[in-house]
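Here is the structure we will look at.
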Amino acid sequence: MTFIGSILVGTVGEGIWRSDDGGKTFQRRCDGLFMEADVRALVRCPKSGALYAGTDAGLYRSDDRGDHWERIPGSFDPGNGWRAGIEVWSILAGGAAGERLLVGTCPSGLYLSEDSGSTWERASTQLAPECVAIRFPRVTALLGPGDGTLYAGVEID
């Protein structure tokens with residue numbers, strides 16, 4: 001079998017790694033990203049090809065297959081960089097023009113951008129901000145099947 005393309009792996013504490021040979025070897029790809037970041041979400045926008053990484057230091061974007069990363073500020077992020085207070089745990093990227101981003105966070109929240117992350121609004125959802133069992137609930141998964149429905153997996157809520 002011939003493998004065409006790359007494999008990217010987000011890790012907890014070791015940043016992002018990429019393989020261009022079907023997984024035989026991996027190289028760390030963290031330029032612009034804190035190398036010890038906890039990467040909770042890693043997605044590729046099918047329309048634009050941009051990569052997005054959700055971390056404990058915020059949301060990042062790469063337009064060159066993960067060689068370089070740029071931090072995307074947002075209303076969910078006070079702009080403090082590392083340990084900004086709100087962690088990005090899930091990402092849904094796409095839309096007709098490839099500019100729609102939806103991120104799920106810890107503490108639990110949903111934030112939407114229609115312009116590739118230039119502006120953000122918080123979705124009006126009924127998510128608990130705290131929980132006795134784990135302290136902060138989190139949105140761990142997002143799925144938009146394309147019919148206007150959104151599914152969100154929330155840990156402890």
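All values below were derived from every heavy atom in this structure, side-chain atoms included, with hydrogens, water molecules and symmetry-related copies excluded.
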Output the distance between atom [atom1] ([X]) and atom [atom2] ([Y]), rounded to the nearest 0.5 Å.
X	Y	atom1	atom2	value
Leu8	Leu42	CG	CG	5.5 Å
Glu99	Ser116	CD	OG	4.5 Å
Tyr52	Cys45	OH	SG	6.0 Å
Ile7	Thr25	CD1	OG1	10.0 Å

Report yes if the side chains of [X] and [Y] come closer than 4.5 Å at any heavy-atom pair, otherwise no.
X	Y	result
Val9	Phe26	yes
Trp120	Ile72	yes
Pro137	Glu155	no

Exam field: side chain [X] to backbone [Y], donor-acceptor pair closer than 3.5 Å:
X	Y	result
Ser90	Val103	no
Thr105	Ser108	no
Ser113	Leu101	no
Trp69	Ala53	no
Arg100	Leu112	no
Arg18	Arg65	yes
Asp38	Gly13	yes

Can you see which heavy atom on [X] is nearest to which on [Y], and at what distance?
X	Y	result
Val139	Ala152	CG1-CB, 4.2 Å
Met35	Cys30	CG-CB, 3.8 Å
Ser6	Asp20	OG-OD1, 2.5 Å
Ser62	Gly66	OG-N, 2.9 Å

Check your understanding: Are Val43 and Leu59 linked, directly or through other ILVMFWY residues, by side chains that come within less than 4.5 angstrom of each other?
Key ->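 Yes, Val43 connects to Leu59 through the hydrophobic network.
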
Point to revise | Qualifying ring pair (Phe, Tyr, Trp, His ring centres under 6.0 Å) pairs with a residue from residues 122-155, counting only residues at least two apart or across chains | key: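 Passing the test, one end in residues 122-155: no pairs.
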
**Study point:** Those residues that, when tested against Leu92, pass side chain to side chain contact (heavy atoms under 4.5 Å, CB included) (two or more places apart)
**Key:**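 Partners of Leu92 under the side chain to side chain contact (heavy atoms under 4.5 Å, CB included) test: Leu102, Leu142, Leu150.
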
Taking only Lys NZ, Arg NE, NH1 and NH2, and the carboxylate oxygens of Asp or Glu, determine whether [X] and [Y] approach each other closer than 4.0 Å.
X	Y	result
Arg61	Glu70	no
Asp56	Arg40	no
Arg28	Glu14	yes

**Study point:** side chain to side chain contact (heavy atoms under 4.5 Å, CB included) partner of Ile16, chosen from Leu33, Leu51, Thr11, Asp31
**Key:**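 Single pass found, and it is Leu33.
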
